[in-house]
Amino acid sequence: MSINKEIKRITTHTIQKMKENGEKIAMLTAYDYSFAQIFDASGIDIILVGDSASNVMAGHETTLPITLDQMIYHASSVVRGIHRCLVVVDLPFGTYQGNSKEALSSAIRIMKETGAHAVKLEGGEEVLESVHRIISAGVPVMGHLGLTPQSIYKFGTYTVRAKEETEAEKLQRDARLLEEAGCFAIVLEKIPAFLAKSVSESLHIPTIGIGGGRFCDGQVLVMHDMLGITTEFKPRFLRQYLNLHDATKSAVQHYIKDVKNKDFPNDNEQY
Ligand code: KIV
């Protein structure tokens, strides 16, 4: 008897259907082959190869320094690890803000050189021409509004965005414009829950929250934060599911002790 091993892949259409059916969307960041394999096998809907790689993989203070080549390296490693989930890749700072032609060529490099399924970029009205151009070339785009870390030097802080009426109205307008331009989803980062609820209810496309509250159509967390690899970043929106920092430290200390005590390797662990 042959077993049907066909895997049903998640596409942007699946994501849209999930919103229509009221099924929440689970997204996590990943930056390498091994974790992507685990997340995909666990049933994650979307892996975001976030430019947060600049922080958690490379140790930079902000997301600004990461390059397109480095994002392509991370994304192609992730794509080799997955069979089922949708892979979205961040366009890094400086690769799409200049003009829409540059934005398109950055998006094309990501699609061609990584095998990923979509790109994400930050901003609303300011980047609309780029969004149009990338989507016209057949590349799905995820938007990102609210706290947009690539603009950290404009904001000055990582505090909650759009608490004031003018900024909240701009965010609502930007979300509408991104939907009209053809984005398939929008990340809402660190904004009041009532605003995220109103945006989510007014759009046909799904919203994915990170610090956007429970009414978003899906949620995303940075893997290093939810697995407890990072120890100092503890915003209110973060739920930590594991303490991998302490578990890893204790395993490494155990290994060091075994080596020093000549307990590793034993007779069965050698040829
Ligand atoms: O780069 C990233 O990890 C992100 C998420 C925080 C949404 O953009």
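Nothing fancy with the numbering, it's 1 onward along the sequence. Read the numbers this way: they start at 1 and go in the same order the structure lists the ligands and their atoms.
- Under the 4.0 angstrom criterion for non-hydrogen atoms, Met27 is not in contact with ligand 1.
- Ligand-side atoms of ligand 1 in range of Gly50: 1 (O), 2 (C), 3 (O), range being under 4.0 angstrom from any heavy atom.
- Here the heavy atom of the protein found nearest to atom 5 (C) of ligand 1 is Leu48 CD2, 3.7 Å.
- Within ligand 1, counting atoms from 1 as listed, the ones closer than 4.0 Å to a heavy atom of Thr29 are 3 (O).
- Close contacts of ligand 1 with His144, meaning ligand atoms under 4.0 Å from a residue heavy atom, involve 8 (O).
- The atoms of ligand 1 that sit less than 4.0 Å from any heavy atom of Ile210 are 6 (C).
- Around CZ of Phe237, the count of heavy atoms belonging to other residues, nucleotides or ligands within 6.0 Å exceeds 12.
- For the side chain to side chain contact (heavy atoms under 4.5 Å, CB included) with Val119, the qualifying choice from Asp90, Ile134, Thr114 is Ile134, the only one to do so.
- Protein heavy atom closest to atom 3 (O) of ligand 1, with residue, atom name and distance, is Ser52 OG, 2.5 Å.
- Distance check, rounded to the nearest 0.5 Å: OG of Ser106 to CD of Glu102 gives 5.5 Å.
- Separating the OG atom in Ser151 from the CZ atom in Phe93 is a distance of 7.5 Å, to the nearest 0.5 Å.
- Ligand 1 has an N or O atom lying under 3.5 Å from an N or O atom of Asp51, backbone or side chain.
- Side-chain contact check for Gln240 and Asp225: no donor-acceptor pair (N or O, by modelled atom type) lies under 3.5 Å.
- Partner of Leu48 under the side chain to side chain contact (heavy atoms under 4.5 Å, CB included) criterion, out of Ile208, Val88, Leu221, Val78: Val88 alone.
- Screening residues 202-223 for salt bridge (charged side-chain N to carboxylate O under 4.0 Å, His left out) gives Lys19-Asp217 as the qualifying pairs, with residues at least two apart or on separate chains.
- Taking a 4.0 Å cut-off on heavy atoms, Lys120 registers as neighbouring ligand 1.
- The distance from ligand 1 to the heavy atoms of Asp90 drops below 4.0 Å at these ligand atoms: 1 (O), 2 (C), 8 (O).
- When Gln172, Lys170, Arg176 are each tested for a side chain to side chain contact (heavy atoms under 4.5 Å, CB included) with Asp174, only one passes: Lys170.
- If you number the atoms of ligand 1 from 1 as listed, the ones under 4.0 Å from a heavy atom of Val222 come out as 3 (O).
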